[in-house]
2 protein chains.
Amino acid sequence: MERSRRSRGERAGLSREQIVAAARRTLATRGLAGLSLRAVAAELGVAPNAIYSHLDDKNALLDAVLDDVLTAVRNPSAKNPRRALRTIMVDTYDTLVEHPSLVGAYLTRQGSRGPEAQRLGVIMDDCLDRLGAGGRAGEAGRRTMIVYTIGYAAFATGWTADGEQPLSASRVRRDFLAGLDWLINGIVGPP
Amino acid sequence: MERSRRSRGERAGLSREQIVAAARRTLATRGLAGLSLRAVAAELGVAPNAIYSHLDDKNALLDAVLDDVLTAVRNPSAKNPRRALRTIMVDTYDTLVEHPSLVGAYLTRQGSRGPEAQRLGVIMDDCLDRLGAGGRAGEAGRRTMIVYTIGYAAFATGWTADGEQPLSASRVRRDFLAGLDWLINGIVGPP
DNA sequence: ACCTGAACACCGTTCAAGT
DNA sequence: ACCTGAACACCGTTCAAGT
């Protein structure tokens, strides 16, 4: 927000975390289209190119934001692996739906690169293992669930189908849950 | 490609179809990032703003391109509705995978607005009706299948998972088919 | 190493003017 | 109605210079 109080060699004390946080504020106020490096820099009170000292480019910033959002998806209880698998997907769905403008980016970009995405992936693999769906079949199953979840979140946030009246969020969520259970049944067998 | 041979009031004989075709050529050569109105205009040999005489804005152009791509998905045989439903989804998947840079846009934008998407939607509804899954349940089922298909195509074209070796297109396609059958079974019941 | 200032090569879109 | 020319308000990114 503040303008350049600094002269040529002065430091702003910037960090990667601060930049990501500023990017999320900018995203919240200005939307995805308004998420420019220049806008984030303005939010931080630095020159536009100052960001390049901490992140490679705009893609790297977007990836960092995407992963940061996944912090909201908590580790599920390890008791029942089938339930944990479902919970992690439902929480992811709810988190994504709260960030409508980002959902598309999750599908097009490498959604599983960041540490948060990796954390969730490890938990899912563990659950699948314990359910007897390890190895290659488990990989495919995990992938299918993730793709399905992000895809449905994308629908929930973006689409209004043709002549049809707009669907309520709760109806869409319910339909998401139904499909999710069909997929889980297919992957690990009926309960 | 050609430059402005025309003087101030001369017509270029542009049409919406020509613009969409030029946009698809530009997309093929320059990618999604290179699909600018200025690039398309250059491809057509007109001024950048000439496009505004035929389309509202860049979003409208992108929507037109997205729908145009779906022309490649043919009407399936009406004999077996369950098979037709599956065929239409598989053809859509294959078509989307052939247009990697567009897949993300299908999920974020209104994918079901254009005439081609509508054509496919009508066929799907008919199949679901004949399989005894009409009404609200059929709507949800259709949506789930579409979301799943586009989502999986997005994965197939964009993702390379974490430490894992890149997956072959045929493996991903096979996994897509498995999940699709689970969903169809869930929606219309086992065969 | 971190940041500023200035520049480069782009964008989408608007508006007046021409036929 | 359709198109050009020119402009406006933006972009991401690079590069030299400063501490």
Side-chain angles (χ1 to χ4, degrees), chain A residues 1-23 25-27 29-66 101-102 104-105 108-109, chain B residues 1-23 25-27 29-66 101-102 104-105 108-109:
Chain A
M1 263 355 177
E2 328 145 23
R3 295 292 141 151
S4 60
R5 299 212 211 307
R6 277 170 303 282
S7 59
R8 197 109 194 184
E10 279 188 86
R11 309 255 158 149
L14 232 51
S15 71
R16 205 189 119 102
E17 289 73 28
Q18 279 176 37
I19 295 172
V20 172
R25 286 197 302 275
T26 305
L27 189 73
T29 56
R30 304 209 201 287
L32 186 63
L35 183 62
S36 66
L37 290 182
R38 295 177 120 98
V40 175
E43 175 81 20
L44 289 162
V46 299
N49 47 358
I51 295 173
Y52 285 88
S53 296
H54 299 88
L55 289 155
D56 280 349
D57 52 16
K58 199 197 174 179
N59 281 340
L61 175 60
L62 186 53
D63 284 336
V65 169
L66 292 177
S101 55
L102 290 182
T108 45
R109 312 185 58 71
Chain B
M1 258 3 171
E2 326 145 23
R3 297 291 141 150
S4 61
R5 298 213 213 304
R6 276 170 302 282
S7 59
R8 196 108 194 185
E10 277 188 88
R11 310 252 158 151
L14 231 52
S15 71
R16 205 188 120 103
E17 289 74 29
Q18 279 176 38
I19 295 172
V20 172
R25 286 197 302 274
T26 305
L27 188 74
T29 56
R30 304 212 201 286
L32 185 62
L35 183 61
S36 66
L37 290 180
R38 294 176 120 97
V40 174
E43 175 80 21
L44 289 162
V46 299
N49 47 0
I51 295 173
Y52 285 88
S53 296
H54 297 88
L55 288 155
D56 279 348
D57 52 17
K58 199 196 174 180
N59 281 340
L61 175 60
L62 187 53
D63 284 336
V65 168
L66 291 177
S101 55
L102 290 182
T108 46
R109 311 186 57 72

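Lettering follows sequence order; numbering is per chain, from 1.
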field: Rounded interatomic separation in angstrom, taking CG from Leu55(A) and P from dC2(C)
entry: 12 Å
task: Both distances under 3.5 Å, Watson-Crick or G-U wobble: report the partner of dC3(C), or none.
output: none
- prompt: Going through the checks in order, is the side chain to side chain contact (heavy atoms under 4.5 Å, CB included) test met by Leu102(A) and Leu62(A)?
  reply: CA-CA 9 Å; Leu102(A) 290 182; Leu62(A) 186 53; 4.3 Å; yes
- prompt: For Gln18(B) and Gly13(B), which heavy atoms make the closest approach, and how far apart are they?
  reply: NE2-O, 3.4 Å
query: Nearest heavy-atom pair of Asp57(A) and Tyr52(A): which atoms, and what distance?
result: CA-CE2, 4.0 Å
message: Measuring to OP1 and OP2 of dA1(D), would you say a side-chain N or O of His54(B) lies under 4.0 angstrom away?
response: no
- prompt: Does dA9(C) have a Watson-Crick or wobble mate here (both distances under 3.5 Å), and if so which one?
  reply: none
field: For the student: nearest non-hydrogen atoms of Leu61(B) and Ala23(B), plus distance
entry: CD1-CB, 3.9 Å
Side chain to side chain contact (heavy atoms under 4.5 Å, CB included) between Lys58(B) and Ile51(B), intermediate numbers included: CA-CA 9 Å; Lys58(B) 199 196 174 180; Ile51(B) 295 173; over 6 Å; no
task: Name every residue in residues 12-21 of chain A that has at least one heavy atom under 4.0 Å from any atom of DNA chain D, in order of residue number, or write none if there are no such residues.
output: none
- prompt: How does protein contact run along nucleotides 12-19 of chain C, one letter per nucleotide 5' to 3', with B for base contact, S for sugar-phosphate only, - for none, heavy atoms under 4.0 Å?
  reply: BBBBBBBS
field: Exam field: side chain His54(B) to backbone Leu14(B), donor-acceptor pair closer than 3.5 Å
entry: yes
- line: Smallest heavy-atom separation, Pro48(A) atom then Ala41(A) atom, equals CA-CB, 3.5 Å
query: Which atom names give the shortest non-hydrogen contact between Gly34(A) and Thr26(A), and what distance separates them?
result: O-CG2, 3.8 Å
